[in-house]
Student: 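Can you read through this structure? Questions will come right after.
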Amino acid sequence: MQRITYRVKVSAQGAKRRISYLLRPSKRLLNTKSNIVSSVTPIASNRFARTKKLAQISSIALLSLPAESLTTMNASVPAYDNVMLENTLTIAAVPGDSTYFATDGFQHGFGFDLVRTYADELGVDINLKAYASEEAALKALRTGNADMALTTASTKLKSQLNLSSINVSCGYDSSLTKNGLHPKVSWTFSSSNDPLSRKASYFLCDSIKIKNTQKLAAFYNQNLLKDAYSQDHFQRTLTEKLPDYQSSFEEQARNYNHDWELLVAMGYQESHLDANAVSPTGVRGLMMLTNNTAKAMGVSDRVDPYQSIGGGARYLEQVKADFSDVPKTDRIWFALAGYNMGPNAVKRIQRELRAQGIDDKSWANVYAYLADNRASNSRYGQAMHYVSNIRSYLETIKTQTV
């Protein structure tokens with residue numbers, strides 16, 4: 001009898017080790033996939049491999065349960081287990097200025113960046129599915145076609161579908177509204193008891209995470225072009241001046257593998273698309289190049305629009321190459337910060353973050369560092385505004401709201 005009891009205990013311990021092994025987070029690099037769907041569609045998966053793993057976990061778990069527990073087991077598998085088995089967090093999302101933005105390969109957003117950070121902490125990839133309405137996204141979650149939803153849906157709608165949600169601000173709604181973001185951006189789950197939901201709650205409501213979320217909200221500030229003067233000036237500049245330079249922006253963007261509208265946003269930030277602009281420090285031209293940068297980029301005439309745009313595009317390409325190890329979704333922000341304050345200055349910040357054990361390839365972390373230290377270094381504040389402004393101009397150009 002003692003011998004049998006001893007063997008059962010060993011099996012239970014072994015079961016825990018086996019389950020931990022099968023459900024361990026992957027250390028693969030984050031790979032984000034985005035699919036636009038018009039209706040709820042099944043998740044693509046390797047059914048045989050998935051079923052085999054589920055069977056392994058279920059059989060191991062059975063060995064470690066008391067006999068009386070076997071008759072009361074729920075056959076459904078928690079969403080967290082599915083995420084770990086698939087190594088993918090599937091998100092049902094509704095595009096918006098507070099959730100995520102994706103067009104022409106340009107993918108980012110306040111809610112999206114938070115989800116990426118959560119997926120990175122879990123050690124899984126993201127499969128982002130876009131839905132046309134809040135209800136469609138939540139129904140995709142309800143029917144098992146997504147693991148969680150990123151929406152601004154009403155509490156009433158989520159309650160009607162018997163879903164559980166967490167506001168990403170964790171109760172600090174004013175930190176979102178003051179930046180023009182929707183106060184009810186939320187992550188929604190099928191059950192509040194699922195480990196995926198519980199872990200998300202801890203993730204969002206950790207005191208340090210709350211502060212970082214508030215800083216990320218400041219980066220995605222949607223108020224920049226909301227006042228009448230700014231909006232009118234931006235619209236008038238693009239209407240009156242851009243036609244003269246658009247072909248140059250498009251050609252130089254092709255020459256250096258850039259989004260031409262990104263170069264336009266940079267040009268507006270630098271000079272308001274004024275080819276003859278001159279600053280008190282001597283930078284000049286549409287892209288406001290210094291003498292040294294102009295010479296290094298082969299620009300002989302800084303006030304020639306075509307040359308100026310080409311010089312800026314070439315320099316941006318070089319700076320972007322300095323951050324080739326940064327994930328593509330964040331690389332443009334690193335490159336713009338490097339364009340403004342010099343790539344070595346950004347790399348110094350990255351070294352500081354690494355020394356603190358913080359992910360130095362996350363723009364959210366770099367931006368938080370700039371925000372925390374701008375009082376002691378004015379260049380940090382300038383870089384923050386530079387990148388935030390260009391992001392705002394680019395979103396506005398692409399969504400054609402001007």
Side-chain angles (χ1 to χ4, degrees), residues 32-45 76-83 86 88-103 106-119 124-173 176-177 179-201 203-205 213 217 220 222 395 398-401:
T32 305
K33 299 171 282 185
S34 177
N35 302 297
I36 308 297
V37 295
S38 56
S39 60
V40 178
T41 55
I43 300 174
S45 63
S76 64
V77 178
Y80 176 78
D81 291 3
N82 280 325
V83 168
E86 301 285 350
T88 301
L89 179 64
T90 300
I91 313 295
V94 180
D97 58 14
S98 301
T99 50
Y100 86 97
F101 180 91
T103 186
F106 183 67
Q107 187 177 58
H108 70 287
F110 171 65
F112 175 70
D113 280 10
L114 286 174
V115 170
R116 282 198 302 123
T117 308
Y118 180 48
V124 299
D125 299 338
I126 290 179
N127 179 21
L128 184 69
K129 293 184 175 183
Y131 290 84
S133 70
E134 311 279 9
E135 186 174 5
L138 293 177
K139 284 185 176 179
L141 171 65
R142 192 79 185 92
T143 55
N145 288 288
D147 303 306
M148 62 181 275
L150 169 64
T151 72
T152 57
S154 67
T155 302
K156 180 180 179 181
L157 178 58
K158 288 179 283 191
S159 296
Q160 287 173 347
L161 294 170
N162 196 28
L163 298 170
S164 172
S165 70
I166 309 162
N167 280 6
V168 299
S169 68
C170 202
Y172 293 89
D173 292 357
L176 304 188
T177 54
N179 289 299
L181 296 167
H182 198 292
K184 300 301 179 185
V185 186
S186 62
W187 292 356
T188 306
F189 303 88
S190 294
S191 168
S192 60
N193 293 322
D194 194 293
L196 191 66
S197 175
R198 293 201 302 271
K199 286 176 179 289
S201 181
F203 173 85
L204 290 170
C205 296
T213 297
Y220 281 107
Q222 299 294 311
E395 286 180 5
K398 285 188 173 293
T399 53
Q400 299 179 340
T401 57

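In this text the structure is predicted, and so the values were computed from the model without any measurement.
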Student: Can you sort out the partners of E135 under side-chain hydrogen bond (donor to acceptor under 3.5 Å, both in side chains), two or more places apart, ordered by chain and number?
Tutor: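 Residues passing side-chain hydrogen bond (donor to acceptor under 3.5 Å, both in side chains) with E135: K139.
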
Student: What is the distance from atom CG of L128 to atom CD1 of I91, rounded to the nearest 0.5 Å?
Tutor: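 The CD1 atom of I91 is 7.0 Å from CG of L128, to the nearest 0.5 Å.
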
Student: So, T143 versus N145: side-chain donor-acceptor pair below 3.5 Å or not?
Tutor: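 Yes, N145 and T143 have a side-chain donor paired with an acceptor closer than 3.5 Å.
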
Student: Measure the shortest side-chain to side-chain distance between V94 and S133 over non-hydrogen atoms and say whether it is less than 4.5 angstrom.
Tutor: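 No, their side chains stay 4.5 Å or more apart.
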
Student: Using modelled atom types only, decide if a donor and an acceptor are shared between the side chain of S169 and the backbone of N167 within a distance under 3.5 Å.
Tutor: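 Absent.
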
Student: Which residue in the set T152, T177, L176, V168 passes side chain to side chain contact (heavy atoms under 4.5 Å, CB included) when paired with H182?
Tutor: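 Exactly one candidate clears the test, T152.
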
Student: Just how far is it from atom OG of S165 to atom CZ of F189, taken to the nearest 0.5 Å?
Tutor: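 The distance works out to 9.0 Å.
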
Student: Give a yes or no on whether F203 atom CZ has more than 12 heavy-atom contacts from other residues, nucleotides or ligands under 6.0 Å away.
Tutor: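 More than 12 heavy atoms, drawn from other residues, nucleotides or ligands, come within 6.0 Å of this atom.
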
Student: Do any N or O atoms from the side chain of T88 and from the backbone of N127 form a donor-acceptor pair under 3.5 angstrom?
Tutor: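 No: the side chain of T88 does not pair with the backbone of N127.
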
Student: Can you tell me how far CG of L163 sits from OG of S192, rounded to the nearest 0.5 angstrom?
Tutor: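 Answer rounded to 0.5 Å: 11.0 Å.
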
Student: When you measure from the side chain of Y131 to the backbone of A92, do you find a donor-acceptor pair of N or O atoms at a distance under 3.5 Å?
Tutor: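 Between the backbone of A92 and the side chain of Y131 there is no qualifying donor-acceptor contact (under 3.5 Å).
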
Student: Which residues satisfy the side chain to side chain contact (heavy atoms under 4.5 Å, CB included) test with N193, sequence neighbours excluded?
Tutor: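 N193: side chain to side chain contact (heavy atoms under 4.5 Å, CB included) contacts with S191, R198.
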
Student: Suppose we screen for side-chain hydrogen bond (donor to acceptor under 3.5 Å, both in side chains). Which residues come up paired with S186, at least two apart in sequence or across chains?
Tutor: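 Residues passing side-chain hydrogen bond (donor to acceptor under 3.5 Å, both in side chains) with S186: K158.
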
Student: Atom CG of L114 and atom CG of L204: how far apart are they, to the nearest 0.5 Å?
Tutor: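 Going from the CG atom of L114 to the CG atom of L204 covers 6.5 Å.
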
Student: Run through L138, T151, T188 and flag the one making a side chain to side chain contact (heavy atoms under 4.5 Å, CB included) with L157.
Tutor: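 That would be L138.
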
Student: Partners of Y220 by ring pair (Phe, Tyr, Trp, His ring centres under 6.0 Å), sequence neighbours excluded?
Tutor: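 Partners of Y220 by the ring pair (Phe, Tyr, Trp, His ring centres under 6.0 Å) criterion, ordered by chain and then number, come out as H108.
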
Student: Rounded at 0.5 Å granularity, tell me how far OG1 in T213 sits from CZ in F110.
Tutor: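 Separation between the atoms: 6.0 Å.
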
Student: Hey, are the side chains of F112 and T99 touching, using non-hydrogen atoms and a 4.5 Å cut-off?
Tutor: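 F112 does not reach T99 side chain to side chain.
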
Student: Applying salt bridge (charged side-chain N to carboxylate O under 4.0 Å, His left out), can you list everything that pairs with D113, at least two apart in sequence or on another chain?
Tutor: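 Residues passing salt bridge (charged side-chain N to carboxylate O under 4.0 Å, His left out) with D113: R116.
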
Student: Would you call P95 and F101 a side-chain contact if the rule is heavy atoms closer than 4.5 Å?
Tutor: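 Result no, sub-4.5 Å side-chain heavy-atom pair not found.
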
Student: So how far is it from E86 CD to D125 CG, rounded to the nearest 0.5 Å?
Tutor: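 Reported to 0.5 Å precision, the distance equals 11.0 Å.
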
Student: Scan for salt bridge (Lys or Arg N to Asp or Glu O under 4.0 Å) pairs involving residues 182-194, sequence neighbours excluded, and state none if there are none.
Tutor: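 Non-adjacent pairs meeting salt bridge (Lys or Arg N to Asp or Glu O under 4.0 Å): D173-K184.
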
